[in-house]
Amino acid sequence: MENTVLVHATIIDCTGADPRPEGWVVLEGDRIKEVGHGRPGVLPAKATVIDCQGQTLLPGLIDGHVHIGSVEASIVEQQRTCHTSTLIIKSLKILKETLDQGFTTARDCGGVDAGFRQAVAEGLVPGPRLFVSGRILSQTGGHGDWRLATETYPPVFHEGGVASGIYDGVDAVRRGAREQLRRGADFVKIMASGGCASPADEIDTSQYSLEEMQAAVFEAESAGKYVAAHCYSDRGIKLCCKAGIKTVEHGNLLTESSAQAMKDAGTYLVPTMVTYVVLAQKGAEYGAPKDWIRKNLQALEKGEQSMAIARKLGVKICSGSDLLGPMQVNKGMELALQAKALGPMGALIATTRTNAEMLGQSRNLGTIEPGKLADFVLVKGDPLKDIALFQDYDENLTLIIQNGRIHKNILTGGR
Ligand SMILES: [Zn+2]
C-alpha cells in the first residue's frame, strides 16, 4: 500500500472545527489513515512527503448539481444540433475542468449515464467521482420538454448531453424511473416546476401531480435510492416535500411556508446561484434566447432571498453550480455567492460535508477525518478571508488529490 504524508498544512477539516495550523495527514492507499497537528509521530517507511508550505488544506470539493453533458450554452439547441457521440466527446473536457476546479466529486443532475461514472472510476478519463441520474423525467410542456409552443411533433427522448424524456401519468413515471434505475442511475431526477431554458413554461408554475411524484419516489426508494426535483415555485416545493422527494434543486422562489415544509420533511435545498449570475452576464453573448434571459433574471432576483429564508428556518443547505456549456469554468464562484448568506465557513461546509450527507456518502466524503477517502484541495491563501479565491483555480489551487492520487501539484513548480 502506497503512503503519502501531507505536512505543514493549515487544515480546515469541514467538520465545523476551527482551522488548525501545522496540520498533517497520513494517507494509506485511497483513504485517510491519520490526521493531527504539531509534530507527526513516526512516519510510515517509504512515505512520499508533501510539504504544504502552510497553505490551507480542505476536503475535496463536491458540486451537488452539474450537467457534464451540457457542452453548449443552450441545452435545448445542443440536443438538436449535436450527435450523441459529439456530445460525449465534448463533455470529456468539462469533466476534466471540473476536477481542475477542485471538485473531486460531482452529482450530475441530468444527462450523463452510469458509463461516465464508470469511466472516471476506472481512471479512463480525469474527472470528479460521479453520481448520476441519467435521463430526466418531465411532463408534457414541462422543463424537460424542449419543443416550442408552435411545434406539434411528438416529444423526443434524448440520449446523451442533457438527456430528458416525457413521462405523463403515474404508470409512465413509474416506468421512466425504473428505466433509469435499471441503467444504473444513482438517483432519479424529475422536473417539478417550469424553468429558464424550456420554451413553454414559466418558473413560478408547478409540474407533475402529487401522485406522479410519489410514484417516482416509491420506485427510487424501492431500489434504495432517492428523487431529486428541479423546482422553483412554492406550490411545487410543497408538493415535493409531501411526496418525499429528497432534494429540491435551485428553489429560488422559496418562501417561509415552503421552507418550513422542507424543514419538516428533512428535504435538502441545493441552491445553484452561480448559474443565474453568469447567465445574466454572458447569456446574450452565448446566444441564450430573450425569454430565457428574462426568466433567468426572475430567478436571479429571488435567489439570495431564498437562501436567507432557508438558513433562517434551518433547512439543510447544499451547494451546486448548474452552469452550462462554456460557463462551467465558473463553478468555484458558487462558494463566494453562498458565503453571502452562510458566511465563508458555511459555504465551505455546504460544498463538502452537507453535500456528502445529501449524497448518502458521509462515511466516505466531505471532511478530513480518518477512514474517509483521500480527496483534498490545497489552496493558496485563507478561504475564510477570501472565499472568492476558488474562482482563479489555475493559480490558487496548488494541490488536488483524489482517491489518494495526485491530479495536480504546482507546489514545487511542476504540474
Ligand atoms: Zn440543472
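Counting starts at 1 for both ligands and their atoms, in listed order. All values below were derived from every heavy atom in this structure, side-chain atoms included, with hydrogens, water molecules and symmetry-related copies excluded. Everything numeric here is computed off the predicted structure, so don't read it as measured data.
A side-chain hydrogen bond (donor to acceptor under 3.5 Å, both in side chains) with Ser321 holds for exactly one of Thr272, Asp63, Asn330, Thr275; it is Asp63.
Coordination check, His65 versus the Zn ion (ligand 1): passed, since an N/O/S atom of the residue sits under 2.8 Å. The Zn ion (ligand 1) has an N, O or S atom of Asp322 closer than 2.8 Å. In summary, His67 places an N/O/S atom under 2.8 Å from the Zn ion (ligand 1), meeting the contact criterion.
By the 6.0 Å and 45° rule, Arg117 does not stack over the aromatic ring of Phe131.
In the model, Ser257 has no side-chain atom that pairs as donor or acceptor with a side-chain atom of Gln260 under 3.5 Å.
In this structure, His65 and His250 have tilted ring planes: the angle between them lies in the 30° to 60° band.
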